[in-house]
Each structure stands twice: as C-alpha cells, then as structure tokens.
Amino acid sequence: MTNPLTGYLLVAALLFAIGLAGALTRRNAILVLIGIELMLNAANLNLIAFWRYGPHPEMLTGMMFAIFSIAVAAAEAAVGLGLVISIYRHAKTTDVEQMNRMKG
Amino acid sequence: MGHPLYFGYEHPWREFDRFLRESAGKGRLAVGIVFYLISAVAVGGALAAVLLKNLVHCALALTVAFLGLALLFLQLDAQFAGFAQILVYVGAVAILVVFAILLTRGSDLPKEGVFSKSWVVGLAIAAAVFAVLGWVVLQAGPWLPNETAVPAVTVNQIGQALMGRYVLPLEIVAVLLTAALLGAVIVAMHEKEGTKQ
C-alpha cells in the first residue's frame, strides 16, 4: 500500500459498509438515518481524497462536490428526522418493521 | 539553536509533520501513523453508532465518527471541508439526531431487540459490498493518481469559485435548503394542525 490514496479509499469503503449494515439491520428509523449519514460521509471522504491526490487540485472540483454533498445531506437529515417525528406522533412507533401501512 | 521547551527542536509539530511526509514518500510508513489513529477513531465511532443498544449512546458515537471524518479531511489538506464538516455534522446534524431521539422516546429499549428479523441478510449484503469495494480498490492501486504536491487552496479561492464557476449549484442548494427546512417544519407540525380542526 505505497499509495496513500488506497488507504483513504479502504477506510471510506469500510465506513460505507458499516453505514449500509446499520441501515439494513437496525429496527429504529433514526438508526437507519444514521446509517445513511455514514454512507454519505464515506462518499465525501472519497471525493476529498481524490481531490487531494488527483491532478489539478486548484480546480477545486472534488472539494466543491463534497461541500454541496454536505449541504444536501444536511437537508436530507432535517427532512428525514421530521418524517420520523411525524410518523411517531401518528403511529406511536419508530420501528420500521411496524410501519407497514400507507394510510394512517 | 532549538528552544529548550521543545526538546531541542525548533518547531516540533512541523518536524513531526515533515518526518511523516518523508516517511510517506519513502513508502516505509505508507500514510503515516496519524492516518491510522484518525481512521481508527472514525471507524470505531461508526461501529459503535451502529452496534450500541441505547440510542443516546449511538448519537454520541456518531458524533465521534463525524469528528474523525473531519480530522481525516484536515489530514487531506482540505481545511474548509473539514471545518464545514465540524460545523454541519458535529454541530447541527448530531443535535438534530439527539432531538429526534428524545422526541420519540427512542431511548427506551424495545422488547424484541434492536436488530431486525432479517439482520443476517443485511449483514451479508454489507459484507459483500465491502468485499467488492475493497477488492476493486486494491486491484486499482497501481493506476490511482498520486500527486505528492500539497494543494495550496485558500478560502478566498473557494469563495471565488463558489461565486463564479459554481454559482448556479450554490443558488440551487440555497433553494433546496430553504425548501427542506420549511418542509421539515410542516411535516413535523402536521399533527398539531389536525387537532385544531
């Protein structure tokens, strides 16, 4: 592993897998959202690592992509957690296995 | 020559940094011990966030993972992205998660366990995804770019780029954030409107 980029990409892959495992195996909807946030962060780490070790970092492409990704992820977290609170008020549960009705 | 306080070194931190970069250049320490330490913090925080039973502990572990990622960004010479990560994730998203946990009484442990019935399938899918990603990264090793020059990017340049080349995405993100905030408030307040009628 002489290239430092390989190390960063492996860490990002590991974080993505952990986030995916959390999103797929947990019952609580908030934990599912936490898993999605971890996956988005792993993607950001890839973007920043490629920006750092790729050619032409002065063009700022990867950095800008990561900054916009952070902003979109913040919007996603706000809406997702708002939905979880709304569903909890309605169905009195945050268990994704009990959320099996489209109509309240 | 050196300052007595700094064990004979002029700038101990700079010396350490240079030692790490030199050893990284020689391939002896591929990326330096700092990278391994920060990665351990980030991965450990992520694992704890996914595995812990108490949701409040999960939120705290998630904050540690976000902090580790911000340190990785700083290690990659992306100072602006690192501090944006701290502001947005450690500052805002972690607080949002804590609010959601407390508003939904998520800290009560469910009787049927915290993992779903089909957790084996989910774990298998995640392991398969990691195996494929890791295999591809290790295979692609020799073809990956490896620029050793540290990019000297100032906040001034980032601002110029945001206001010049990336002004349209910036405006769209502004509209998206406004819409998302209004939408989140309306969705979370829906029940209140129903009781009024």
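Throughout, a chain's letter reflects where its sequence line sits, starting with A, and its residues are numbered from 1.
- Clustering ILVMFWY residues whenever any of their side-chain heavy atoms sit less than 4.5 angstrom apart, transitively, puts B/Val155 in the very cluster that holds B/Tyr166.
- To the nearest 0.5 Å, the span separating CD on B/Gln85 from CZ on B/Phe73 amounts to 4.5 Å.
- Distance OG1/B/Thr104 to CG/B/Leu55: 7.0 Å, rounded to 0.5 Å.
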Show every donor-acceptor pair shorter than 3.5 Å between a side-chain atom in residues 57-74 of chain A and any protein atom, with sequence neighbours excluded, or say none if there are none.
unit_1, atom_1, unit_2, atom_2, d
A/Glu58, OE2, A/His56, ND1, 3.3
A/Ser69, OG, A/Asn44, OD1, 2.6

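- Atoms CG and CD1, from B/Leu67 and B/Ile38 in turn, are 10.0 Å apart once rounded to the nearest 0.5 Å.
- Only the side chain of B/Phe66 comes within contact range of chain A, with heavy atoms under 4.5 Å apart.
- In this structure, A/Arg26 is positioned above the aromatic face of B/Phe115, its NZ or CZ under 6.0 Å from the six-membered ring centre and within 45° of the axis.
- Residue pairs satisfying the salt bridge (Lys or Arg N to Asp or Glu O under 4.0 Å) criterion with at least one member in residues 116-128 of chain B, sequence neighbours excluded, are listed as follows: A/Glu97-B/Lys117.
- The contact between B/Val43 and chain A is made by backbone and side chain atoms together, counting heavy-atom distances below 4.5 Å.
- With chain B as partner, the option from A/Gly19, A/Gly80, A/Ala13, A/Ala77 having the largest number of non-hydrogen pairs under 4.5 angstrom is A/Ala13.
- When heavy atoms are compared at a cutoff of 4.5 Å, B/Leu182 does not approach chain A at all.
- B/Ile172 does not touch chain A: none of its heavy atoms, backbone or side chain, sits under 4.5 Å away.
- Of the atoms belonging to B/Leu123, heavy atoms from both backbone and side chain fall under 4.5 Å from chain A.
- With chain B as the partner, the residue from A/Val84, A/Val79, A/Leu81 showing the most heavy-atom pairs under 4.5 Å is A/Leu81.
- Contact tally against chain A (heavy-atom pairs below 4.5 Å) for B/Leu177, B/Leu181, B/Ile158, B/Val88: the top residue is B/Ile158.
- Looking at B/Ala65, only its side chain comes within 4.5 Å of chain A, counting heavy atoms on both sides.
- Your options are B/Pro169, B/Gly134, B/Ser39, and the one with the most heavy-atom pairs under 4.5 Å with chain A is B/Pro169.
- For B/Leu69, the part sitting under 4.5 Å from any heavy atom of chain A is the side chain, from C-beta outward, and nothing else.
- The backbone N or O of B/Leu168 sits nowhere less than 3.5 Å from a side-chain atom of B/Glu171 that would complete a donor-acceptor pair.
- Contact of B/Val97 with chain A is made through backbone and side chain together, with heavy-atom distances under 4.5 Å.
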